[in-house]
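Taking it in order: structure first as structure tokens, then the write-up.
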Amino acid sequence: MNNIILGIESSCDDTSAAIIRDEYLLSSVIASQEVHRKYGGVIPELASRAHQLNIVPVVDQALKQAGVTMNDVDAIAFTRGPGLLGSLLVGVSFAKGLSLSTGKPLVEVNHLQGHILSCFLKEAGKERQYPHFPFLTLLVSGGHTQIVIVKDYLDFEIIGQTIDDAVGEAFDKCSKMMGLGYPGGPIVDKLAKEGDENKFKFTLPNVGGFDYSFSGIKTSLLYFLRDNLKEDENFIDNNKADICASFQKALIDILMKKLLMAVKQTGITQISIGGGVSANSGLRNRIVNEGIKRHWTTFVPEFKFTTDNAAMIAITGFYKFRKGETCSIDVAPISRASQMK
Ligand code: KG4
Ligand code: ZN
């Protein structure tokens, strides 16, 4: 029995819809919101307005590209949270309206679980390796940084997480402090490729267990730039690539230190990465190389499944729908991860 799932994602600044048949991707449409670029960050009010403009054409295109109609769809999966409340409200309300008008069941999805399960997405004609349970995921995004034991499709245990900022925020702030633009992660990544990662050193945090902290290193970059600009007003321009490479290396060192500890303690050697920062080429290389060195099996997602997308929401919805986990029409969005199951 095939299940066709429509996924809807609107947690931050990407409006996205996707159709999957079982675990196979049929279509994925993402409308990214350019409006935030000139402000150097996501403006929540503008994000929800843009979602309202985008949601109907994005869902329509996803159905058309997949060659299906709402009649063929078995369930509507949507991101319930975490995310920006005004953004989530657009996707949640749209999904509810669509469910009411078509009689199709609703499945609520935790955005973070979506990032984790994106590694199971299949595409016709593309051979890929998939993890076996249990595996470890390093979940790295603009809002979260976690190490998760994935025991089954819907059975997760968070064993470590950031106590302050997410690693994506550190990338974005680095770019902002250096006046490089937004979103910062991809810009820092690109410049880092041309720089010397050992040129500058940053003090790494000292946090207990498998937890992370990124606020201290952000401040240390701020002081580092301030002090060097006093000596040379062109310091940033003259050292752009080396600063990006060195700062990126420090962030990856922080991520890897705790991941290595988690592998050691759990004995789990299947490792995946997910979330927007898993698009980072330095992190991708490091995970693969550590994997080769330490005999891990590593799963690095395709670029298009790293940043926010509805395909990951559809596949998580598929696993929930298969278990009968639909939700009622009075479901409300939730902005914080700690309030979700
Ligand atoms: O998962 P995501 O799209 O949204 C959230 O759920 O937060 O992640 C967005 C984050 C941003 O901080 C962005 O700068 C970062 O992912 N990012 C990257 C790269 N591409 C996106 N960070 C480092 N290197 C990249 N290539
Ligand atoms: Zn995300």
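Everything numeric in this text was worked out from a predicted model, so none of it was measured. Count residues from 1 along the sequence. As the structure lists them, so they are numbered: ligands from 1, and atoms in each ligand from 1.
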Identify which one of I55, V92, T15 satisfies the side chain to side chain contact (heavy atoms under 4.5 Å, CB included) criterion when paired with I8.
I55
Qualifying residues under side chain to side chain contact (heavy atoms under 4.5 Å, CB included), relative to N228, sequence neighbours excluded
F224, F235
So, taking the atom named OG1 in T137 and the one named CD1 in I273, what distance separates them when rounded to the nearest 0.5 Å?
10.0 Å
Can you tell me if H144 contacts ligand 1 (heavy atom of the residue under 4.0 Å from the ligand)?
no
Set of residues satisfying side chain to side chain contact (heavy atoms under 4.5 Å, CB included) with respect to D14, sequence neighbours excluded
I30, S32, D308
Roughly how far, to the nearest 0.5 Å, is CD of E23 from CG of L117?
10.0 Å
Less than 4.0 Å is my threshold; does some heavy atom of H111 fall inside it relative to ligand 1?
yes
For the Zn ion (ligand 2), every protein N/O/S atom that sits closer than 2.8 Å, waters excluded
H111 NE2, H115 NE2, D308 OD1
Under a 4.0 angstrom heavy-atom cut-off, which atoms of ligand 1 come close to V277?
15 (C), 16 (O), 18 (C), 22 (N)
In a check of side chain to side chain contact (heavy atoms under 4.5 Å, CB included) between E290 and each of L260, L259, I271, which one passes?
L260
Going by an N to O cut-off under 4.0 Å, is there a salt bridge joining R286 and D253?
yes
Is F210 close to Q265 at the side-chain level, that is, under 4.5 Å between some pair of heavy atoms?
yes
If you measure from the Lys or Arg side-chain nitrogens to the Asp or Glu carboxylate oxygens, is any gap between D60 and K64 under 4.0 Å?
yes
Nearest protein heavy-atom contact for atom 26 (N) of ligand 1: which residue, which atom, what distance?
D189 OD2, 2.9 Å
So, do F303 and F305 sit near enough that their side-chain heavy atoms are less than 4.5 Å apart?
no
Can you tell which part of N280 has a heavy atom less than 4.0 Å from ligand 1: side chain, backbone, both or neither?
both
Sort and list the pairs that fulfil salt bridge (Lys or Arg N to Asp or Glu O under 4.0 Å) and have at least one residue in residues 178-201, not counting sequence neighbours.
K199-D242
Those atoms of ligand 1 less than 4.0 Å from some heavy atom in T307:
3 (O), 21 (C)
Options D172, L283, I252, ranked by nearest heavy atom to atom 13 (C) of ligand 1, top entry
D172
Pick, from G83, G276, G185, the option with the minimum heavy-atom distance to atom 21 (C) of ligand 1.
G276
Using a 4.0 Å cut-off to any heavy atom of A279, which atoms of ligand 1 qualify?
20 (N), 26 (N)
At less than 4.0 angstrom from any non-hydrogen atom of H115, what atoms of ligand 1 do you find?
1 (O), 6 (O)
Nearest protein heavy atom with distance in Å, relative to atom 9 (C) of ligand 1:
G142 N, 3.7 Å
Is there side-chain contact between S101 and M70, with at least one heavy-atom pair below 4.5 Å?
no
Counting heavy atoms only, which part of D308 comes closer than 4.0 Å to ligand 1: side chain, backbone, both or neither?
both
So for G143, does at least one of its heavy atoms come nearer than 4.0 angstrom to any atom of ligand 1?
yes
